[in-house]
Each structure stands twice: as C-alpha cells, then as structure tokens.
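Only one structure is covered here, and it is reproduced in the block below.
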Amino acid sequence: VTERDGRLAPESLGSPAFRAAHAVRLAYVAGSMYKGVASVAMVRRMAQAGLLAYLGAGGLTPERLQRDLAELRSSLASEASWGVNLLASIEDPEAEDATVDLLLHNGVRRIEAAAYVHMTPALVRYRLSGARLGADGRPHVPNMVLGKASRPEVAAAFLSPPPPAIVTALRDAGRITASESALAARVAMADDLCAEADSGGHTDQRPLCVLLPDMVRLRDRLGAEPPSRPPIRVGVAGGLGTPEAIAAAFVMRADFVLTGSINQCTVESGTSERVKELLAQAGIQDTAIVPAADMLEIGAKAQVLRRGLFFPARANRLYELYRAHNSLEELDDRTVAQLEQKYFRRSLDDVWAETRAYLQTARPAELPRVEADPKQRMAHVFKWYFVHATRLAMRGSSEQRVDYQVPCGPAMGALNAYLRGSGLGGWCFSQRRGSVRPSSHD
Ligand SMILES: Cc1cc2nc3c(=O)[nH]c(=O)nc-3n(C[C@H](O)[C@H](O)[C@H](O)COP(=O)(O)O)c2cc1C
C-alpha cells in the first residue's frame with residue numbers, strides 16, 4: 001500500500017491484479033451507457049488517462065458501432081485499454097451473435113457483458129475465440145470478459161466454465177476450433193465479475209452492502225475449483241458517487257469499482273446538454289423506479305431521473321394499463337384520449353403503424369406473432385413511448401421535455417451535494433475553465 005501525504009494513494013486501492021491485467025492506473029471503471037452515452041470521446045478520454053471505460057454499444061446500429069470502433073482504434077495507441085458493452089438479447093440472439101462477429105473482426109479484447117440470465121452461445125464464442133495453451137501449460141485467453149450480475153445464479157455462471165453443451169454445439173457447428181473447445185473446461189466465463197447493486201438504468205434494487213459481500217463469498221467458494229485457474233476479481237457498481245461510497249466498497253473487499261450515473265453528466269458523455277443540466281441539479285431523492293421497456297412483460301425495473309419530469313409517472317401508468325387490460329381496444333375513451341394527447345402526442349394508430357414498420361424491417365420473424373396477439377400489440381405500442389422518451393432526452397428536444405427518459409441513480413445527487421461549493425459542480429466546469437485535456441488531477 002502506497003501513501004501520499006500520510007493518506008492512501010488512489011493507485012493503491014483495489015486489486016493490483018486488476019490494475020495489471022488491464023494495464024490501468026486505478027481499479028476504477030466507467031461502465032457502458034447505451035446508445036453511445038458512454039461515447040467514443042468518453043472511452044478515449046479515460047484510456048488517455050490510463051483508465052478503463054466501456055463503449056455504450058447497446059442500441060447502436062451495426063454501422064454506427066463499426067464506425068465507433070474504427071474511430072477508437074485509429075485514435076488510441078494499440079496498447080491502450082478500453083472495451084465495449086455486449087448485451088444479452090433474449091428476443092434477438094442473431095443480433096447478439098452479429099455484434100460478437102463485429103467485435104472479433106475488430107479485435108476488441110475487452111467486453112462488459114450485461115443483461116445475461118444465462119450464458120449464451122454468442123458470449124461463449126467471444127470468450128473462447130483465440131484461446132490456446134501457453135508454453136507454461138495454462139490456457140491463454142485473449143478476450144477478457146467483465147460480467148455484470150445482480151443475482152447469485154448469474155454470478156455463478158460467470159464464475160464457472162462455459163456450459164459444456166454450448167461448447168460442444170459451437171465446436172460441431174465449426175464456430176470455435178477443436179483446440180479452443182478442448183480448453184473450455186479450464187477457463188471461467190469471466191475475468192472480472194461486477195456485482196451490480198441498485199444503480200441507474202436496469203436494477204434489481206439490491207443494496208451494495210448486501211450484494212458485494214455475497215458475491216465475494218461466492219467467488220471464494222467457486223473460485224477454488226480448479227485451483228490452477230487464476231482468481232476472478234469481484235468489483236461493484238451501483239450508488240457510487242462520492243469518495244465515502246468508494247471507500248466503503250473497498251473496505252468490503254471490492255477488487256474494483258464501476259460507476260455509471262455520474263459519468264453521464266460529463267463533457268464527454270453522448271447525451272444532450274439539456275439532460276446534463278437536469279442531472280447537475282439532481283439530489284439523492286430525485287430518482288424513481290420505472291418498468292424497463294425492453295423487459296416490460298416480465299416486470300423488470302429501471303431507475304431514472306424524476307426531478308421535473310413526468311416520464312416516471314407516465315411509464316408506471318402504462319405498465320399498470322398493460323397489466324390490467326388485454327388489448328388497446330379495452331381501454332376506455334378517456335384513457336385513449338389522455339395517451340394520445342398527453343403521452344404520445346399522436347394517435348395510437350399512428351404509433352402502431354410506426355412500430356409495425358420497424359418490426360417489419362428489424363425483426364420480421366416476430367411481426368406475425370405480435371399482430372396475432374392483441375396484448376403483445378398493446379405492449380409494443382406502449383414500448384414505443386419509452387423509446388420515444390429516450391430519443392427526446394438524447395436529442396435535448398425542446399418539445400415534450402417532461403417526457404425525457406434519463407437513466408440515473410442516486411449516486412448523481414450524492415456527487416452533486418459533495419461538489420457543491422467546491423467550484424467543480426456542473427457538468428461543464430472543465431470546459432468553462434478551458435481545459436478538457438488530461439491532467440494529473442483528473
Ligand atoms: C444512462 C445510463 C445508461 C446505461 N446503459 C447501460 C448499458 O447499455 N449497458 C450496461 O451494461 N449498463 C448500462 N448502464 C449501467 C452502468 O454501466 C453502470 O453499471 C451503473 O450505472 C452503475 O450504477 P450507478 O448508476 O449507480 O453509478 C447504464 C447506466 C446509465 C446511468
């Protein structure tokens with residue numbers, strides 16, 4: 001442990017193995033944020049400061065992701081550390097597989113794997129591609145996986161080798177080689193496991209002080225088998241916005257810490273200036289839990305900014321309507337008028353026409369099923385509002401400002417309070433001071 005002026009130096013916190021494996025200064029990660037909110041500029045800025053960040057690839061078109069990867073590769077030194085988000089896609093496994101193709105093609109060596117409920121063929125293929133036996137007799141795996149989990153069974157899957165049935169199927173289909181598959185039993189799915197406590201965006205709402213020790217113990221138990229495998233590092237995310245919170249995480253044996261909400265309110269973040277202004281005013285009480293649109297049917301939740309916004313109340317009302325009714329036709333006239341005039345600002349027919357056109361081009365196999373089931377059709381119409389609300393926020397639209405969907409946890413409010421009076425508050429302080437270049441104090 002190194003000290004500076006009698007205090008612990010940040011460089012000494014967390015796992016030295018984490019810092020060495022990723023060649024970073026600090027055991028600190030900036031997590032992915034969808035649609036390029038965790039932008040090329042953010043990932044590059046972090047890498048230039050010797051820190052690890054993951055590009056928010058979720059929701060980007062393959063063309064945009066390819067462009068972003070090309071930009072990162074051309075503007076960063078080849079040894080720079082950075083990664084990309086890979087999201088599980090239960091609805092569209094082909095899309096997940098296509099993203100893995102893109103990542104492998106571009107030589108992306110680090111991914112942050114999230115939203116997994118079990119290991120998928122696409123994720124296993126990424127993990128094992130290029131695995132070989134080293135001269136030291138151990139497996140060498142070039143593709144590093146940081147797995148995010150908010151539940152013990154998902155954590156256990158990341159701490160274990162790939163499921164043998166998936167490995168065999170990939171080998172038989174020629175998607176991995178025989179020698180890659182032969183090493184699978186000696187390789188865990190992840191190098192790093194991030195315990196995702198109550199956070200901005202998707203959340204299972206588990207408190208950090210419950211989840212982290214539980215996953216550290218799980219690692220200690222599962223990680224002992226087989227003894228030759230390198231230990232998996234366990235870090236934590238969710239609610240980290242102040243030095244006190246970060247210190248608590250390290251006291252609870254976190255090997256690394258990961259933040260999200262607070263990074264959305266930076267110069268480099270890919271969201272709109274209007275959203276950054278709203279975030280910079282938030283207090284710790286200004287967030288709300290809403291249904292997660294991509295998993296509306298199973299009742300998954302997300303945490304968003306509430307202050308000054310109608311989105312959280314409207315999103316929850318749509319979910320209640322979805323649960324209480326079996327079709328759009330069942331809604332009474334007053335409700336339809338309210339949705340069309342206030343929430344959607346267009347007719348339900350127009351929303352369905354737009355949704356239908358999207359499904360026809362993006363997910364044609366799904367369309368007949370949705371068209372045949374009035375409840376599914378209603379779910380898709382309601383989901384349109386969530387997508388629209390995200391677009392409004394990211395564009396900083398001056399219309400329908402109350403409908404912005406802004407994923408955010410209370411860490412943002414905690415940071416705002418911590419920075420108050422310090423001269424560092426507000427998202428653009430570094431711009432105002434005329435410096436967005438790396439400095440030794442960032
Ligand atoms: C705006 C926003 C978008 C996010 N999008 C993603 C995403 O696409 N993929 C992902 O793995 N995590 C996503 N997250 C979660 C973050 O990577 C991180 O795990 C989380 O924000 C940490 O908790 P905190 O918000 O309390 O700091 C998102 C978070 C925010 C705030």
Side-chain angles (χ1 to χ4, degrees), residues 28-39 42-43 46 52-60 65 83-89 96 99 110-116 123 145-150 154 158 190 192-208 211-212 235-242 245-246 248-249 254 256-266 268-272 275-276 278-279 282 284 286-290 292-295 300-305 311 386 389-390 393-394 404-416 427:
Y28 168 56
V29 179
S32 324
M33 293 183 282
Y34 66 1
K35 291 179 178 277
V37 173
S39 61
M42 182 181 292
V43 173
M46 287 285 286
L52 179 57
Y54 291 87
L55 182 75
L60 298 184
L65 179 55
V84 177
N85 192 204
L86 180 67
L87 289 171
S89 182
E96 188 189 331
T99 306
R110 285 179 187 77
I111 61 161
E112 179 186 16
Y116 284 87
L123 182 58
V145 173
L146 181 151
K148 272 175 161 174
S150 49
V154 178
F158 277 120
D192 299 291
L193 171 69
C194 180
E196 178 96 327
D198 192 24
S199 64
H202 287 77
T203 175
D204 267 335
Q205 297 173 263
R206 299 279 167 263
L208 182 148
L211 198 65
L212 175 59
V236 71
L240 302 177
T242 60
I246 303 273
F256 62 93
V257 290
L258 181 148
T259 58
S261 293
I262 59 172
N263 307 322
Q264 191 179 194
C265 192
T266 58
E268 291 80 5
S269 143
T271 196
S272 62
V275 165
K276 295 176 191 180
L278 288 175
L279 289 168
I284 59 169
D286 289 327
T287 61
I289 298 293
V290 296
D294 52 346
M295 292 184 273
K301 302 293 180 205
Q303 189 156 209
V304 296
L305 188 66
F311 171 78
F386 291 75
T390 298
M394 289 202 58
Y404 284 6
Q405 172 167 208
V406 183
C408 178
M412 185 71 244
L415 177 66
N416 286 336
W427 64 272

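As the structure lists them, so they are numbered: ligands from 1, and atoms in each ligand from 1. All values derive from a computational prediction rather than experimental measurement.
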Can any side-chain N or O of [X] pair as donor or acceptor with the backbone N or O of [Y] at less than 3.5 Å?
X: E96; Y: S89; result: yes
X: E268; Y: M46; result: no
X: K276; Y: S269; result: yes

side-chain contact (heavy atoms from CB on, under 4.5 Å) assessment of V43 paired with V84: CA-CA 9 Å; V43 173; V84 177; over 6 Å; no

Near ligand 1, at a heavy-atom separation below 4.0 Å: residues by chain and residue number: G31, S32, M33, Y34, N85, L87, A114, K148, E196, S199, G200, A237, G238, G239, L258, T259, G260, S261, Q264, P407

Atom pair CG (N85) and CG (L146), whose distance is rounded to the nearest 0.5 Å: 10.0 Å

Neighbour count above 12 (heavy atom, 6.0 Å) for I289 CD1: yes

